[in-house]
Amino acid sequence: MSEFEPSILCFACNWCSYAAADIAGTSRIHYPPNVRLLRVMCSGMVDAEYVMKALEAGFDGVMVAGCHIGDCHYISGNIKAQEMVTRLKKLLHILGLEDERLMLKWIATSEGPIFAETIKEYVEQLKKLGPSPFRKELVT
Amino acid sequence: MQALTPYKDAIDIVKEAGGEAFEQCYQCGLCSGTCPWNLVTSFIVRRLIHQAQLGLVDFEDDDLWLCATCGACVARCPRGVEIIDIMRAMRNVVAEVGAAKVPDSLRITAKNIASAGNPQGEAREIRGNWAEESKVKTFTEGTELLYFSCCVPAYDPKVRRIAQATAGILNKAGVDFGILGAKESCCGESIRKAGNESIFQSLANSNIQAFTESGVSKVLVSSPHCYHTFKNEYPALGGNFEVVHTAQYLLELIRDQKLKLTKELNKKVAYQDPCYLGRHNGIYDEPREVLRSIPGLELIELPDSREESICCGGGGGRIWIETKKGERFSDLRLEQAIEAGAEILAVACPYCMLNFDDSVLTMDKGEIIEIRDISELVWGAI
Amino acid sequence: MGGNITAEALDRDERRIGVYICHCGLNIADTVDVEAVANYAGTLNSVAVARDYRFMCSDPGQDLIKNDIKELNLNRVVVASCSPRMHEPTFRKACEAASLNPYLFEMANIREDCSWVHDDREVATQKAKALVRAAVARVYYNDPLEIKEIPFNPDTLVVGGGIAGIQAALEIADSEHKVYLVERDPSIGGHMIQLDKTFPTLDCSQCILTPKMAAVGAHPYIELLSYSEVEEVSGFVGAFKVKVRKKARYVDEDKCTGCGLCQEKCPWTADSEYDVGLSKRKAIYTPFAQAIPNVPVIDRDSCAYFLKGKCRACEKFCETGAIDFEQVDQFIELEVGAIILATGYDAFDPSTISQYGYGIYDNVITGLQFERLSAATGPTGGEIRLKDGRKPESVAIIHCVGSRDQNYHEYCSRVCCMYGLKVAHIVKDKTNADVYEMYIDMRCFGEGYEEFYKRVSEEGVNFIRGKVAKVTDKAVSEEEEGKLVVICEDTLLGSIIRVPVDMVVLCIALEARSDAEEVARKFIISRRADGFFLERHVKLDPVATPSDGVLIAGCCQGPKDIPDTVVQASAAAARVLAMISKGRVTLEASVSHVNEDLCIGCGRCEELCEFHAPKVGIYEKPMPVSRVNEALCKGCGACAVACPTGAISIKHFKPEQILAMVDALAET
């Protein structure tokens with residue numbers, strides 16, 4: 001059996017994290033292909049429902065990436081994202097999902113290498129964790 | 001001309017010993033300008049840091065052992081460099097990696113602490129002897145408060161009076177307290193600063209085990225050095241105890257009216273801020289409040305006090321190293337106190353007590369000024 | 001696309017989507033099998049045509065899209081190429097040119113997100129297919145959005161009358177557009193009017209500034225509101241509403257002739273703000289002789305009439321009857337299209353660094369106080385004097401007081417090295433005293449600055465590299481008696497030195513205004529951790545802010561020297577003129593929308609919106625509901641997430657659009 005390859009959905013804010021992914025691209029910094037980027041205008045736009053749907057749809061991990069605190073293009077959208085993630089993690093815990101299934105990360109425009117590194121680390125982390133229990137349900 | 005090449009291995013070795021803070025230094029020299037050593041001789045702190053940055057430390061240099069870890073430079077440093085960590089790391093490279101020779105007196109002290117659990121090298125069994133006449137019980141499960149006297153008052157008859165006064169006050173106030181006697185080891189704060197990290201670790205573990213086994217939750221200390229390490233360093237090793245210094249505890253007893261200070265002391269008293277109570281832990285007001293509670297006592301402030309206080313010279317292992325006459329900070333400080341008109345210099349640290357007693361003796365000022373721990377002054381006022 | 005097919009979705013079957021896969025030369029085609037991706041796209045739901053082409057952004061590439069829209073009746077377009085941050089505007093324009101609403105276009109990023117970061121051709125092709133699948137799934141739900149424009153009000157508000165505000169106001173007004181210049185103090189001029197000479201050319205600050213101040217005062221297109229502060233700001237770019245408080249001067253500006261008799265006769269004094277406490281001014285005063293406007297104010301805190309109910313000497317002597325003790329604060333409503341904030345800086349208070357002895361020793365002064373001592377208009381008529389009137393024989397200049405120090409401000413204040421050098425030069429020039437500069441690093445980066453450093457070195461100034469530890473009056477030798485002793489390590493010598501001097505000048509930091517937080521909140525802009533206002537982009541957009549139409553200039557954005565301040569003020573003015581010239585503002589189309597049938601009027605959206613866009617009120621319905629002012633909304637989506645009933649959605653980022661992508665990306 002080949003090694004388990006986790007799938008990741010990354011909600012990336014247009015102004016910082018998505019731009020950082022662009023920088024990783026223009027600098028040809030390779031990272032694992034396990035991630036799918038979904039551009040949103042602001043991390044604060046990511047509804048808990050979207051994250052839940054992504055996990056239900058079979059992603060092993062969901063990442064919400066925004067600007068560093070203080071850098072939000074909309075002043076405080078990232079703070080709202082942080083609140084959402086904190087709340088949702090409690091719910092995921094109740095549902096029996098591991099904490100690592102949802103990750104919040106601040107990545108600034110210039111931090112292309114950090115974006116790539118984050119994806120690499122997250123893939124490794126999820127590999128250790130194994131497939132999402134939701135995904136197992138889907139498969140069986 | 002001899003060319004120097006930055007030496008990477010030496011850089012790494014200091015970093016590994018916990019001195020990586022040198023990387024932040026931008027060489028402004030404020031530490032040198034602030035260091036009290038430069039009141040008496042020359043000690044260019046900045047140069048040592050620069051040598052560490054380039055891996056060009058001369059481990060044979062006696063300057064390595066000068067820092068009394070008073071923290072004056074750290075408090076001012078514009079880059080927030082933990083200079084004491086750098087000093088500790090460089091000493092560690094000497095003491096434990098063996099890069100050079102440790103000064104004799106320190107080496108003997110380290111040996112004493114490692115074997116006997118106290119710097120004097122005295123038997124563990126007699127650690128609690130000071131308490132016999134004060135009728136202090138041994139701490140057992142359920143006792144409210146552990147009194148940890150510090151090795152100096154426990155073994156040094158000249159300073160024993162600090163522990164005895166404290167025990168007397170606690171008895172008078174009806175506090176349920178005890179000591180652990182032979183089970184206590186040196187707190188390890190100063191030997192750690194002298195670079196002996198492994199000795200510190202084993203002392204700390206031994207104390208944490210003793211405290212935990214006996215069911216200790218709250219510790220009263222006479223020494224700011226014990227206070228510092230119990231409060232700020234033991235938690236990282238799993239020792240979480242409530243720690244109070246006598247200055248804080250006495251004030252509490254006075255405020256709760258468990259102590260009534262009635263006897264007048266009609267003297268001018270100056271207070272010496274111990275570095276490890278003041279700068280290191282921000283406790284400035286409590287000891288002053290305690291002194292002000294003594295009827296008749298007139299509290300005067302020394303020129304450099306509180307955050308600006310000049311060290312007695314006893315921190316960082318210096319208490320075990322002979323300081324040349326003419327280079328003792330305690331002499332300078334004593335002169336300041338006398339000039340300010342103080343009849344008593346109040347202290348709140350056994351190291352301060354040792355150094356100032358010595359200064360009074362060697363400067364022959366016994367007629368003019370005396371050194372008293374705040375616990376003694378309170379005990380005298382009851 | 002799995003799951004529930006609703007009636008609405010069935011209705012959408014008329015979607016005709018065109019998909020275009022770009023080779024980007026070999027940038028994409030090298031790693032991604034573009035042909036396979038195009039073939040795959042052709043199999044997706046509602047896709048009418050799928051093609052691949054060498055360069056989609058080229059004119060022929062765009063023509064391909066335009067022709068297909070017309071000939072194949074496409075009503076949705078997807079281009080899979082580079083990042084939308086790169087070419088989304090290009091392709092949106094192409095669609096628009098073919099009469100397709102630009103919001104019916106979607107982009108899949110198969111270059112930055114795919115071909116450039118992966119090397120396995122098979123894996124990259126797989127991923128590209130997924131990204132195209134997601135874009136197709138999304139565009140299916142895209143709606144045409146109306147692009148709205150509103151007229152741009154050509155009047156401008158400039159806040160702050162220092163050199164930055166003056167420069168910006170004049171540039172705009174000179175093009176015959178109205179400017180309201182609001183200044184908090186009784187006169188414009190700011191910090192610059194307090195300076196003596198300006199580095200490195202040593203031209204007199206007042207000589208170069210007063211003509212500009214006079215120009216402001218006389219300008220037909222500038223309305224100067226001095227002694228005034230902005231109270232409230234509402235509206236949005238192109239149509240701001242601003243409420244200004246005009247503080248009571250107790251002097252009628254129309255009647256006052258500026259003769260100065262009142263100030264002469266007033267018996268009450270206070271410390272002069274202009275002279276930084278080195279001299280006194282009267283209770284009724286103009287801050288300095290060349291004040292614009294030349295109309296005094298009465299300071300209630302030092303006026304005997306206001307304090308004790310007696311005096312009114314000024315009133316008795318005023319020949320035109322301009323004194324008016326009954327005056328009250330007035331409120332003025334302004335309507336402007338753009339706002340330039342030029343609110344300046346505060347000088348760091350060095351008394352918090354107790355070891356430097358400021359406020360303890362008479363002859364420890366700040367750089368700003370030195371300016372007043374040195375200026376011909378200052379309390380000593382330009383003579384450098386100690387407090388007791390003696391000429392100093394030696395002066396120490398301490399750099400980085402409050403700067404480059406994480407206990408105070410971690411940043412470099414940028415101007416201090418240069419003004420320190422200037423102080424050294426002036427002291428040498430006027431007194432021939434011994435001068436010592438205690439510095440950490442000399443930062444002389446501007447035009448003519450390094451040359452000035454050399455010139456001052458040649459004048460015999462002593463440079464000591466080390467941060468000063470202490471200034472004391474406690475002498476330890478005879479030569480220190482009666483002097484201030486500056487103690488520091490000379491890090492180049494590696495020894496501690498004690499320098500006895502008569503005067504110590506502290507090169508104090510520039511810091512953010514103490515009320516910067518309140519001002520930022522008022523104008524809905526952000527601040528950096530150091531307290532200064534945050535620009536939209538540190539390199540590429542240093543005059544704009546996250547709030548459209550609110551621009552920043554000068555030291556409110558960070559410490560800077562006069563040349564940089566003037567450049568930034570001119571840039572801000574140019575921005576405003578560009579907006580005025582265009583004459584209209586395009587509003588963001590992807591904004592929040594409230595479904596009033598679902599809204600319960602709870603007000604959560606109104607509470608959390610940073611831009612005050614939603615407002616709960618009674619509109620057509622009898623019950624209160626929220627309604628979004630589309631001109632204020634930035635489309636961040638926070639309200640949609642917070643809405644408890646799901647009444648709010650963001651146009652172009654509706655849940656069905658995002659969820660369609662989630663599903664499509666999850667498919668393997």
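All chains are named by letter (A, B, ...) in the order of the sequence lines, taking the proteins before the strands, and each is independently numbered beginning at 1.
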Heavy-atom distances under 4.5 Å only: say whether A:Tyr31 touches chain C with side chain, backbone, both or neither. both
Contacting region of A:Val46 [heavy-atom separation from chain C under 4.5 Å]: backbone
Looking only at A:Phe11, A:Tyr50, A:Phe59, the option with the highest number of non-hydrogen pairs under 4.5 Å against chain C is A:Tyr50
Heavy-atom contact with chain C under 4.5 Å, split by part of A:Ser76: both
Identify the residues of residues 90-103 of chain A whose heavy atoms come closer than 4.5 Å to a heavy atom of chain C, ordered by number, or report 'none'. none
Is it true that, when you exclude A:Glu5 itself, more than 12 heavy atoms of the residues, nucleotides or ligands shown sit nearer than 6.0 Å to its CD? yes
Report which part of C:Ile524 has an atom under 4.5 Å of a heavy atom belonging to chain A: side chain, backbone, both, or neither. both
Interchain contact, C:Leu659 with chain A, by part (heavy-atom threshold 4.5 Å): side chain
Suppose we call two aromatic rings close when their centres sit under 6.0 Å apart. Are C:Phe523 and C:Phe533 close by that rule? no
Verify, without hydrogens or angle tests, whether C:Thr125 (side chain) and C:Asp33 (backbone) share a donor-acceptor contact under 3.5 angstrom. yes
What one should report as the nearest heavy-atom pair of A:Gly112 and A:Ile29 is C-CD1, 4.3 Å
Part of A:Lys80 within contact of chain C (heavy atom distance under 4.5 Å): side chain
What part of A:Ala48 gets within 4.5 angstrom of chain C, counting heavy atoms only: side chain, backbone, both, or neither? neither
Heavy-atom distance under 4.5 Å to chain A: side chain of C:Leu665, backbone, both or neither? both
If you tally heavy-atom pairs under 4.5 Å against chain C, which of A:Ala19, A:Ser7, A:Cys72 wins? A:Ala19
Shortest non-hydrogen separation from A:Gly61 to A:Tyr122 and the atoms involved: CA-OH, 3.5 Å
Taking side chain as everything from C-beta outward and backbone as N, CA, C, O, which of these in A:Leu37 sits under 4.5 Å from a heavy atom of chain C? Side chain, backbone, both or neither. both
Carboxylate-amine/guanidinium contact C:Asp548 C:Lys634, below 4.0 Å: yes
Heavy-atom distance under 4.5 Å to chain A: side chain of C:Ala130, backbone, both or neither? side chain
Could you check whether the rings of A:His73 and A:Trp15 sit parallel, tilted or perpendicular, using 30° and 60° as the cut-offs? parallel
Tell me, out of A:Ile23, A:Asp47, A:Asn14, A:Asp22, who's got the most heavy-atom pairs with chain C below 4.5 Å. A:Asp22
Got more than 12 heavy atoms from elsewhere within 6.0 Å of CD, C:Glu607? yes
Which heavy atom in C:Ser592 sits nearest to a heavy atom in C:Ile648, and how many Å separate them? OG-CG2, 3.2 Å
Checking heavy atoms, do the side chain of C:Asn27, its backbone, both or neither come under 4.5 Å from chain A? side chain
